*Asks:* 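Structure incoming, see below.
Because the structure is predicted, anything quoted here is derived from the model rather than measured.
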Amino acid sequence: MILNETTKVIFKRQTIRDYTPEQISDEMLETLMHAAKMAPSGRNVQPCLVRFVQDAQMLHQMHLDFKNLVGWETPAYTRFETNPFYHNAPTFIFIYAAGSCGMDAGIMTENICIAAESMGLGTCIVGSVGTLMNDEAGQKWKAPLRIPEEYDFQIGIAVGFPDEKPPQKPRFDDRIEVIRAADNERQ
């Protein structure tokens, strides 16, 4: 296995669900924005709109709307009973796209998460808030986020300084396999 600066960051990255209240620096924010912009997309269409929200009151109100929609006892995401959907991160990223661009949003998400990890930031990829953002009840958030009507929420990312160091979760070794020409010739 080859270990270099990039692969070490990839192998180290893990989900963080507890953050310090300290906001990320403008330089870090600019780096994450550039990582999002540099993400490849099919035919270079660049279909995603990205909004970095650093407004605690806005995020709190979104969370109230979300819980009122899904129910306060609904286990819609990990640690729902103690954390809001944004896990109290000081920055939350909303990625929207028009049409079926989930793959492009996923590539952009990974770019952002790896860039964040390289700067000592933690991230948590959040899909559950899409229940609100793509619901009629969540359409009111498109205006403050400056999202055109035809765009749909794809994914969100909580970002901030980690306030936890969870152990690395085990990975399944039987999910990845190499198929070589010699394997097919034997059949």
*Asks:* Would you indicate whether Glu164, at its atom CD, is surrounded by more than 12 heavy atoms from other residues, nucleotides or ligands within a distance under 6.0 Å?
*Replies:*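 Yes, the 6.0 Å shell around CD holds more than 12 heavy atoms from other groups.
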*Asks:* Compare all side-chain heavy atoms of Cys113 with those of Ile125 and state whether any distance is below 4.5 angstrom.
*Replies:*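 Yes, side chains in contact.
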*Asks:* One thing to verify: whether Lys12 and Glu117 come together as a salt bridge, which I'm taking to mean a side-chain N less than 4.0 angstrom from a carboxylate O.
*Replies:*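 Salt bridge present between Glu117 and Lys12.
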*Asks:* Taking everything shown except Leu3 itself, do over 12 heavy atoms lie less than 6.0 Å from its CG?
*Replies:*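 Count over threshold, so yes.
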*Asks:* Determine whether a donor-acceptor pair (N or O, by modelled atom type, separation under 3.5 Å) exists between the side chain of Lys142 and the backbone of Glu149.
*Replies:*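 Pair found, side chain donor or acceptor close to backbone of Glu149.
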*Asks:* Check whether any side-chain N or O of Asp104 sits under 3.5 Å from a backbone N or O of Pro47 as a donor-acceptor pair, and report yes or no.
*Replies:*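 No.
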*Asks:* Donor-acceptor check, side chain of Lys169 to backbone of Gln14, threshold 3.5 angstrom: yes or no?
*Replies:*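 No; zero donor-acceptor contacts below 3.5 Å.
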*Asks:* Do Gln61 and Leu64 have side chains that approach each other closer than 4.5 Å (heavy atoms only, starting at C-beta)?
*Replies:*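 A side-chain contact under 4.5 Å exists here.
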*Asks:* To check you understand the geometry: which heavy-atom pair defines the closest contact between Lys67 and Phe80, and what is its length?
*Replies:*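 Closest pair (atom of Lys67, atom of Phe80, distance): NZ-CD1, 3.8 Å.
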*Asks:* Are any non-hydrogen side-chain atoms of Arg146 and Leu49 less than 4.5 angstrom apart?
*Replies:*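 A side-chain contact is absent here, since even the closest heavy-atom pair is not under 4.5 Å.
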*Asks:* Would you kindly confirm whether Ile157 and Leu121 end up in one hydrophobic cluster when ILVMFWY residues are joined by side chain heavy atoms under 4.5 Å apart?
*Replies:*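 Cluster IDs for Ile157 and Leu121 match.
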*Asks:* Look at the aromatic rings of Phe153 and Tyr96 and report parallel, tilted or perpendicular, splitting at 30° and 60°.
*Replies:*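 Answer is perpendicular, since the angle exceeds 60°.
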*Asks:* Report yes if some heavy atom in the side chain of Phe66 is under 4.5 Å from a heavy atom in the side chain of Ser128; otherwise report no.
*Replies:*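 In short, these two side chains touch, coming nearer than 4.5 Å.
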*Asks:* Does the side chain of Arg51 come within less than 4.5 Å of Phe92's, by heavy atoms?
*Replies:*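 They are not in contact (no side-chain heavy atoms under 4.5 Å apart), so the answer is no.
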*Asks:* Evaluate Thr78 against Thr15 for side-chain contact (heavy atoms from CB on, under 4.5 Å), listing each step before the verdict.
*Replies:* CA-CA 11 Å; Thr78 305; Thr15 296; over 6 Å; no
*Asks:* Working to the nearest 0.5 Å, report the span between CE of Met62 and CG of Leu145.
*Replies:*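 So the gap between those two atoms works out to 4.0 Å.
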*Asks:* What's the shortest heavy-atom distance between Leu132 and Ala137, and which atoms?
*Replies:*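 In terms of heavy atoms, the two residues are closest at CD1-C, 4.0 Å.
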*Asks:* Is there side-chain contact between Asn83 and Asp18, with heavy atoms separated by less than 4.5 Å?
*Replies:*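 The answer is yes; the side chains approach within 4.5 Å.
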*Asks:* Would you say the side-chain atoms of Glu177 pair up with the backbone N or O of Arg175, donor to acceptor, closer than 3.5 Å?
*Replies:*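 Such a contact is absent between Glu177 side chain and Arg175 backbone.
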*Asks:* Below 30° counts as parallel, above 60° as perpendicular, anything between as tilted: where do the rings of Trp72 and His63 land?
*Replies:*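 Geometry flag for His63 against Trp72: perpendicular rings.
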*Asks:* Between Met108 and Val50, is any pair of side-chain heavy atoms under 4.5 Å apart?
*Replies:*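 Yes - at least one pair of side-chain heavy atoms lies under 4.5 Å apart.
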*Asks:* Counting only N and O atoms by type, is there a donor-acceptor contact under 3.5 Å from the side chain of Glu5 to the main-chain atoms of Ser118?
*Replies:*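 Not at all, since once roles are kept as given, no pair shorter than 3.5 Å links the two residues.
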*Asks:* How about Ser41 and Cys101: do any of their side-chain heavy atoms sit closer than 4.5 Å?
*Replies:*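 No, too far: nothing below the 4.5 Å cut-off.
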*Asks:* Grab the two heavy atoms, one from Asn111 and one from Met38, that are nearest each other, plus how far apart they are.
*Replies:*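 Closest pair (atom of Asn111, atom of Met38, distance): ND2-C, 3.8 Å.
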*Asks:* Would you find more than 12 non-hydrogen atoms of other residues, nucleotides or ligands less than 6.0 Å from Asp26 atom CG?
*Replies:*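 Open: at most 12 neighbouring heavy atoms sit under 6.0 Å from CG of Asp26.
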*Asks:* Looking only at heavy atoms, which two atoms of Ala36 and Ile112 are closest? And how far apart?
*Replies:*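 In this case the closest contact between Ala36 and Ile112 is CB-CD1, 3.8 Å.
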